[in-house]
Amino acid sequence: MSDLLLDAVVSGVQVIDLGRQLKVGMPQSPNHPQFWHTMPRRHGDVMRSDGGSAANDMITTGTHVGTHIDALAHVSQDGKLFGGVDASASCLGGKYVEHGVHTIEPMIRRGILIDPPTWLGVSDLEGGREITVDDLQQSLQSQGTVIRAGDVVLIRSGWGKKFAEGAPYLGGTSGVPGISEEGATWLAAQGIHTVGADTIAFERLAPGGGHAHLPAHRIFLVENGIYIVEALDLEELSARKIYEFTLVLVPLNIFGATGSPVRPLAVVAA
């Protein structure tokens, strides 16, 4: 019996990497431990009698640095996680058993890109600009893209081009573009599985406001059980006008963690 998926892969696919390279010093939210990479053993530190040598590494990192996914355990509201789970009681032995990142199943799903800057005729959105429901709807219409239940929806603001600049990407004084509470409510009503964006905190950050107010996180993670992916690289998808693709995303299987670094891939036919 023929495997249609295998047949498609054998026929040829293109893979677009949507993840950021993990580097010491990369921009990240100040609320999370930084990424650190070092080599306890380098070539030549220990030599075998036959002249061979091996190097090895050690990393320490927060689970919400670089391109990463938020598990449902990441955010609570009034002491509750998604489904009314008690946030305190669910943390057993320092691990979130019920909604930790280990409960996120590997994703091979329809992914779509929503690209408001392209619809608006600009290269990127200015800091603090809200991506409105109208922006989302008009962008989808101009692209000829329709959201379906179960989709992974990725929103490009163009802000991701600042990632290599470091501090400007965080948007401390400028703010960061993104959807607000209204946009999150509309997207959640479409029955989507996961959302993502090219920014540090997914949603709009007001100029000078930092991460003090994040209503979209509450709407997605707590109220609707929708995962959030942050710090994506969406520039190649936009440049190539790839608005629909197979999205492959697998979190690290860390028991009880609130998130995980990920390397999402957009796969299309060659």
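One is the number of the first residue; the rest follow in order along the sequence.
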Please say yes or no: joined through hydrophobic side-chain contacts below 4.5 Å, possibly via intermediate residues, are L234 and V267 part of one cluster?
no
Please verify the inter-ring angle class for H37 with F35; under 30° counts as parallel, over 60° as perpendicular, anything in between as tilted.
tilted
Is the count of non-hydrogen atoms from other residues, nucleotides or ligands lying under 6.0 Å from E165 atom CD greater than 12?
yes
Does CZ in R218 sit with more than 12 non-hydrogen atoms of other residues, nucleotides or ligands closer than 6.0 Å?
yes
Looking at D78 and K80, does any basic side-chain N land under 4.0 Å from a carboxylate oxygen?
no
Do the non-hydrogen side-chain atoms of I155 and L136 ever get within less than 4.5 Å of each other?
yes
Does the side chain of I69 come within less than 4.5 Å of V101's, by heavy atoms?
yes
Short question: side chain of S139, backbone of W119 - any donor-acceptor pair under 3.5 Å?
no
Knowing that exactly one of I226, L221, I219 qualifies, which makes a side-chain contact (heavy atoms from CB on, under 4.5 Å) with E223?
I219
Other residues, nucleotides, ligands: >12 heavy atoms within 6.0 Å of Q14 CD:
yes
Of all the heavy-atom pairs spanning I131 and S157, show the shortest one and how long it is.
CD1-CB, 4.4 Å
Shortest non-hydrogen contact between A216 and I228, atoms and distance
O-CD1, 4.5 Å
Check against side chain to side chain contact (heavy atoms under 4.5 Å, CB included), D17 and R263:
CA-CA 7 Å; D17 192 341; R263 189 177 183 180; 2.7 Å; yes
So do the side chains of L81 and L72 get within less than 4.5 Å of each other, counting heavy atoms only?
no
Kindly check if the number of other-residue, nucleotide or ligand heavy atoms within 6.0 Å of CD (Q141) is above 12?
no
Is it true that a side-chain atom of H102 and a backbone atom of V97 form a donor plus acceptor pair closer than 3.5 Å?
yes
Nearest heavy-atom approach of S90 to V85 is CB-CG1, 3.7 Å
What verdict does the side chain to side chain contact (heavy atoms under 4.5 Å, CB included) test give for L247 and L18, after you've listed the backbone C-alpha separation in whole Å, the side-chain angles of each residue and the deciding distance to 0.1 Å?
CA-CA 10 Å; L247 189 284; L18 308 182; 3.9 Å; yes
Which residue in the set F220, Y227, W159 passes ring pair (Phe, Tyr, Trp, His ring centres under 6.0 Å) when paired with F202?
F220
Hey, are D151 and R148 close enough for a salt bridge, meaning a charged N less than 4.0 Å from a carboxylate O?
no
Side chain to side chain, T67 and D233, heavy atoms closer than 4.5 Å
no
Which heavy atom in G44 sits nearest to a heavy atom in M47, and how many Å separate them?
CA-SD, 3.8 Å
Do the side chains of T103 and E98 get nearer than 4.5 Å, heavy atoms only?
no
My understanding is that only one of H99, K95, H64 makes a side chain to side chain donor-acceptor pair (under 3.5 Å) with T258; could you say which?
H64
Using the rule that Ile, Leu, Val, Met, Phe, Trp and Tyr join whenever any side-chain heavy atoms are under 4.5 Å apart, tell me whether V122 and Y243 fall into a single cluster.
yes
Working note: E230 + S29, criterion side chain to side chain contact (heavy atoms under 4.5 Å, CB included); need CA distance, chi angles, decisive distance, verdict.
CA-CA 11 Å; E230 295 161 334; S29 167; over 6 Å; no
Would you call the rings of H74 and H32 parallel, tilted or perpendicular if under 30° counts as parallel and over 60° as perpendicular?
tilted
Heavy-atom check, side chain of V15 versus side chain of V248, under 4.5 Å
no
Less than 4.0 Å between a side-chain N and a carboxylate O, is that true for R156 and D198?
no
Which heavy atom of L113 sits nearest to which heavy atom of F245, and what is that distance?
N-CE2, 3.8 Å
So with a 6.0 Å cut-off around CD of E235, is the heavy-atom count from everything else above 12?
yes
State, yes or no, whether a side-chain contact exists between V229 and T194 at a heavy-atom distance under 4.5 Å.
yes
According to a hydrophobic-cluster definition based on side-chain heavy atoms being under 4.5 Å apart (Ile, Leu, Val, Met, Phe, Trp, Tyr only), do L125 and L232 belong together?
yes
What's the shortest heavy-atom distance between E130 and S180, and which atoms?
OE2-OG, 2.6 Å
Heavy atoms, side chains only, cut-off 4.5 Å: are V13 and T246 in contact?
no
